[in-house]
Novice: 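I have a structure here, written as structure tokens, and I will follow up with some questions on it.
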Amino acid sequence: MKNLWTWLFAGILLTVPFWLQDQYFLHIVITTGIFIIGAMSLNLLLGFTGQLSLGHIAFFGIGAYASALTSLGFDIPIFGDFRIVHEPWSPVIGVLVGTLVAGLCGYIVGKLSFKIRGAYFVIVTISFAEVVRLVALNWVDLTQGPLALSNIPPIGFTMPVVGEVVFWKKVPNYYLVLGLGFIAYVLIARIVHSRMGRAMIALRENEPLATSVGINVTRYLVFAAVVSAALAGAAGGLYAHYIRIIDPDIFLFIYTVTMVIMVVTGGKGTLAGPIVGGLIFGVLPVGLRSVAAPEVQWIVYGIVMILIIFFLPRGIVPAVCSWWHRKTGSVPGHVRLSGELASDNDDGANLQESQFVPGKFSTLRGR
Amino acid sequence: MDQLLQHIANALILGGTYALLGIGLTLILGIMKVVNFTHGELYAFGGFMGYFFATSLGWNFFVAIAMAIMLGVLLGACIERVLLRRMRGADIDSTMIVMIGCWIALQNIALLIWGGVAKSVSTPFPTEPLVIGSVSISWLRIFVLGAALLLILATYILINRSQLGKAMRATFQDRETASLMGININLIYTMTFALGSGLAAAAGALLGPVFVVTTTMGNMAALKAFAIVILGGLGSIPGALIGGFILAFAEELGASYVSSGYRDAMGFILIILVLMFKPTGLFYVRGERIG
Amino acid sequence: MTKAMGSKKPILSIKHVAVHFGGLVAISDMTFNVNEGELVSLIGPNGAGKTTAFNVVTGYLRPTNGEVHFRGMPIHDLKPHEVADAGLVRTFQKTSLFTSNTVFENVLTGLHRHGSASAWATLLSLPHVRREEARLRQTVWEILDFIGIAEYANELGSALPYGAQRLLGVAVALAANPSLLLLDEPASGMNPSETADFMHLLGKIRALGISILLVEHDMPLVMGVSDRIVVLNYGKIIADAPPVEIQQNPEVISAYLGHGVKHA
């Protein structure tokens, strides 16, 4: 069932620019899409690994600034007369740089999270994002401070036959974002369904048990943080080249909050959760905009958040899945390679003697 | 040198109110283990209530401050009763989200009511400052420091000398045992949150007249409160007291000798440094664990 | 009972381990060995320090004094996952599961050490990664059959009857490929029929060549499966001998019956 819906959804997404002609709504869809990628990356760290990282927007913003600065070039004084000069590079390289720099920051946060846990870690991550914001605000030589980095070039590259291809318009940017979204989804899905994902989930569920079977806490926390941060940085890079002007407000805590809302209300620890949450909280503003003032909108979000936690504590996607399973009576299960479901075996005891082949088990043990 | 003394004087006054803010949060975080994102909004609420009673209604300034504190206590109690009690057994992220939702709602309600323009609060103090040597302090600030210290003392007595305080400390040490001994945990939690909120409101009501009252003043205050709690160690009132002063000094001195733009960053940098080298805070209270 | 008495080479060697918590002495001086292929039981009144001993051996606690060696290698300074990597795997006294996972997924997670796919290979979903996954999944079934809980494969671990949950804990530990298995009260809460099945299971595990250190309160079980019994009381070893001798040891008898059972 899940696979059919997924493919259908992906197909619909591919056709959006053909039926959504209104440029304003397309713009909303693009920015929402970018935020959904941010939410998906946050979900990897918050939902699957259980790390309460509330500084996520920092990775996004760092990716944006790094990408913008790489493609704009800069010339800044360091320690008096010594200057660092960087010539503008292609925006595509910029996004890659943004991804790498954000990933590096993720590495630092990952290492930190091992030493500092729980509520303390929450506070540290919030502080980290605030410090980055204040640096962006005050290091005017590099970032232009509150005056904003503007005239950021759009994504573009040179192709053999066609020549220069530059993404000025909304439609190509939409497909760019969609492309990154697909990549992000596939990467995250692969991680989650792999041995690494199991290790991350194990750390979230029961850390002492996880370490007792050989799972290295630091390694997987760091890995989750790096991938999470890098994806957010990539999304930030795309954002910079789409909006083409960024200022330190990009680091405001409220944007982390938005992503957290998307993840938690959609369903943390599920693949579809951030997407569902993202659609709701990306689209809701648009619906409410004509009816109510911004303050009223935010009051509505606040109340909606609280209500979802009260009544659908695991999020919307798990609630819908449980409802579906109850209705159809189906239960997802693990199937033996021979095709029988585990529940087909009535007589477990006899099976032990007849099916167990010592050789099979012990070859795996002879490492 | 003169400048230094002036900075020290300013830092002392700021520190007193920061301590109020921090003590309120450390109680809530320590006893209830809730990452209280609404703490900043209670601070702003206190500021606005002070403005409302003293300036809009023209009441006596000191009565206005007292009203602001009492209403803060009441608001805190309501929040706990309506939102937090339901979340008692839930995991920490869900509780966090509820608190964030409340924070968003409160701030925007304030925006709707008061608008985005900063408000200044009228005070009965003479505008001529008191001058001692090269240091000049306004009478308002002297009152603020005095009131803050008084409230801190009152809180200390409440926590350490009263029945309620004893029950709160028992709950902090070991919730299960406290409950088995007949302590009404529900009541303790409501009282703790109300008290903590009241202290935040007090800090807002006192600092409002010193600076201005805005709807976003709570955001920075909240983050600074967290910094103070971490500096001082979770659940430690002396820790929050000292932490408040440390932060104030770091800000005052950092702003003048490093760069004023980074003034607000001082708190966060301190947090990150402290947690990296001493993850339990500067003053470790035995028996406390978090996370 | 005919059992292959292992060679006298120690696989686990605990020397003068002491554990102090502030002023409290949990273990004062503990010394004993587990030899290759043996099943040694560690018994003692409640609060004598048995789980603390497990925590020290498996890296969850640093000993205040003393050393622990595994196959000649010092392990008292290692982190828990490093100890598991060396081949020493433990279970937990209170039932410990990955609560949001099914029985199948619990054991699959336990197979962590069997996998070696790198991050890049995983992200690219290379063929050898998928083959490894299939192999691991097949192994889960083998383990579930071996332990006897295959019928529960698709249930949530937390939904199992208590006895089955304890077995699941053993299955997860077994998945981690131990040379030495430390079982912390695995049969607690089992009825006599389940306990008899469990004794049979212990025999099967030993037949795979795994040495076992067992902490248990169920005396018939202990007497029935152990090559040797080590008795811990007041933080010290007071006896270390085969079951027959332990039953007649006056110190042991008084520790359990004479001076009452001390609860820490």
Side-chain angles (χ1 to χ4, degrees), chain A residues 46-47 50-52 54-55 111-112 115-135 137-140 145-146 252-254 256-258 260-261 263-265 268-269 293-310 313-315, chain B residues 29 33-37 82-83 86-87 90-113 115-116 215 219-220 222-223 226-227 229-230 234 259-272 274-277 279-281 289-291:
Chain A
L46 178 73
Q51 295 304 299
L52 303 172
L54 283 198
K111 281 277 193 192
L112 256 182
K115 279 176 112 185
I116 309 166
R117 301 304 197 82
Y120 282 131
F121 180 62
V122 175
I123 297 164
V124 164
T125 51
I126 299 178
S127 313
F128 169 66
E130 262 303 297
V131 169
V132 172
R133 184 180 76 86
L134 289 167
V135 167
L137 197 58
N138 285 288
W139 196 358
V140 183
L252 284 173
F253 183 55
I254 197 68
T256 298
V257 169
T258 308
V260 171
I261 296 175
V263 171
V264 175
T265 55
K268 63 180 159 91
E295 293 90 14
V296 177
Q297 285 176 42
W298 279 106
I299 296 175
V300 171
Y301 300 155
I303 296 177
V304 168
M305 279 166 71
I306 294 175
L307 289 177
I308 291 191
I309 297 289
F310 275 4
R314 284 188 311 147
Chain B
L29 250 176
K33 309 277 188 271
V34 168
V35 184
N36 181 16
F37 283 104
V82 172
L83 294 179
R86 240 190 116 116
M87 304 303 299
D91 50 317
I92 190 172
D93 340 358
S94 303
T95 314
M96 249 180 10
I97 303 292
V98 168
M99 286 282 94
I100 292 177
C102 185
W103 163 58
I104 294 176
L106 283 177
Q107 186 164 132
N108 282 281
I109 292 175
L111 252 178
L112 268 185
I113 299 179
T215 48
N219 298 342
M220 266 303 167
L223 292 167
F226 281 117
V229 168
I230 288 178
L234 216 63
S259 151
S260 61
Y262 286 104
R263 183 195 176 101
D264 289 330
M266 284 301 139
F268 308 117
I269 296 176
L270 274 176
I271 293 182
I272 295 176
V274 169
L275 281 181
M276 279 176 55
F277 296 111
T280 48
R289 299 278 303 278
I290 196 154

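Numbered from 1 within each chain, the chains take letters A, B, ... in sequence-line order. Everything numeric here is computed off the predicted structure, so don't read it as measured data.
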Novice: Which one of B/Leu223, B/Leu112, B/Ile97, B/Thr95 has the most heavy-atom pairs closer than 4.5 Å to chain A?
Specialist: B/Ile97
Novice: Give the member of A/Glu130, A/Gln297, A/Arg133 that has the highest number of heavy-atom pairs under 4.5 Å with chain B.
Specialist: A/Glu130
Novice: Quick one: of A/Val135, A/Ile126, A/Ile303, A/Val122, who has the most non-hydrogen atom pairs under 4.5 Å with chain B?
Specialist: A/Val135
Novice: Just do the side-chain contact (heavy atoms from CB on, under 4.5 Å) check on B/Trp103 and A/Val257 with the steps written out, would you?
Specialist: CA-CA 11 Å; B/Trp103 163 58; A/Val257 169; 3.8 Å; yes
Novice: Return the minimal non-hydrogen interatomic distance between B/Ser94 and A/Pro313, and the atom names on each side.
Specialist: OG-O, 4.4 Å
Novice: Give, as side chain, backbone, both or neither, the part of B/Leu106 having an atom under 4.5 angstrom from any heavy atom of chain A.
Specialist: neither
Novice: Checking heavy atoms, do the side chain of A/Phe253, its backbone, both or neither come under 4.5 Å from chain B?
Specialist: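 Just the side chain, heavy atoms under 4.5 Å.
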Novice: Just how far is it from atom CD of B/Gln107 to atom CD1 of A/Ile299, taken to the nearest 0.5 Å?
Specialist: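 Rounded to the nearest 0.5 Å, the CD-CD1 separation comes to 10.5 Å.
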Novice: Grab the two heavy atoms, one from A/Phe310 and one from B/Val98, that are nearest each other, plus how far apart they are.
Specialist: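 In this case the closest contact between A/Phe310 and B/Val98 is CE1-CG2, 4.3 Å.
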Novice: Between chain B and each of A/Ile309, A/Val131, A/Leu46, count heavy-atom pairs under 4.5 Å; write down the option with the most.
Specialist: A/Ile309
Novice: Examine whether an atom of A/Leu54 lies under 4.5 Å from a heavy atom of chain B, and if so say whether it belongs to the side chain, the backbone or both; otherwise answer neither.
Specialist: side chain
Novice: Here's a test for you: under side chain to side chain contact (heavy atoms under 4.5 Å, CB included), which of B/Ile113, B/Ile109, B/Leu111 qualifies with A/Glu295?
Specialist: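 Between A/Glu295 and the candidates, side chain to side chain contact (heavy atoms under 4.5 Å, CB included) is satisfied uniquely by B/Leu111.
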Novice: For B/Met99, is it the side chain, the backbone, both, or neither that has a heavy atom closer than 4.5 Å to a heavy atom of chain A?
Specialist: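 For B/Met99, there is no contact with chain A at all, as no heavy atom is under 4.5 Å.
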Novice: State, yes or no, whether a side-chain contact exists between B/Ile104 and A/Met305 at a heavy-atom distance under 4.5 Å.
Specialist: yes
Novice: Are there over 12 heavy-atom neighbours, none belonging to A/Arg314, within less than 6.0 Å of that residue's CZ?
Specialist: no
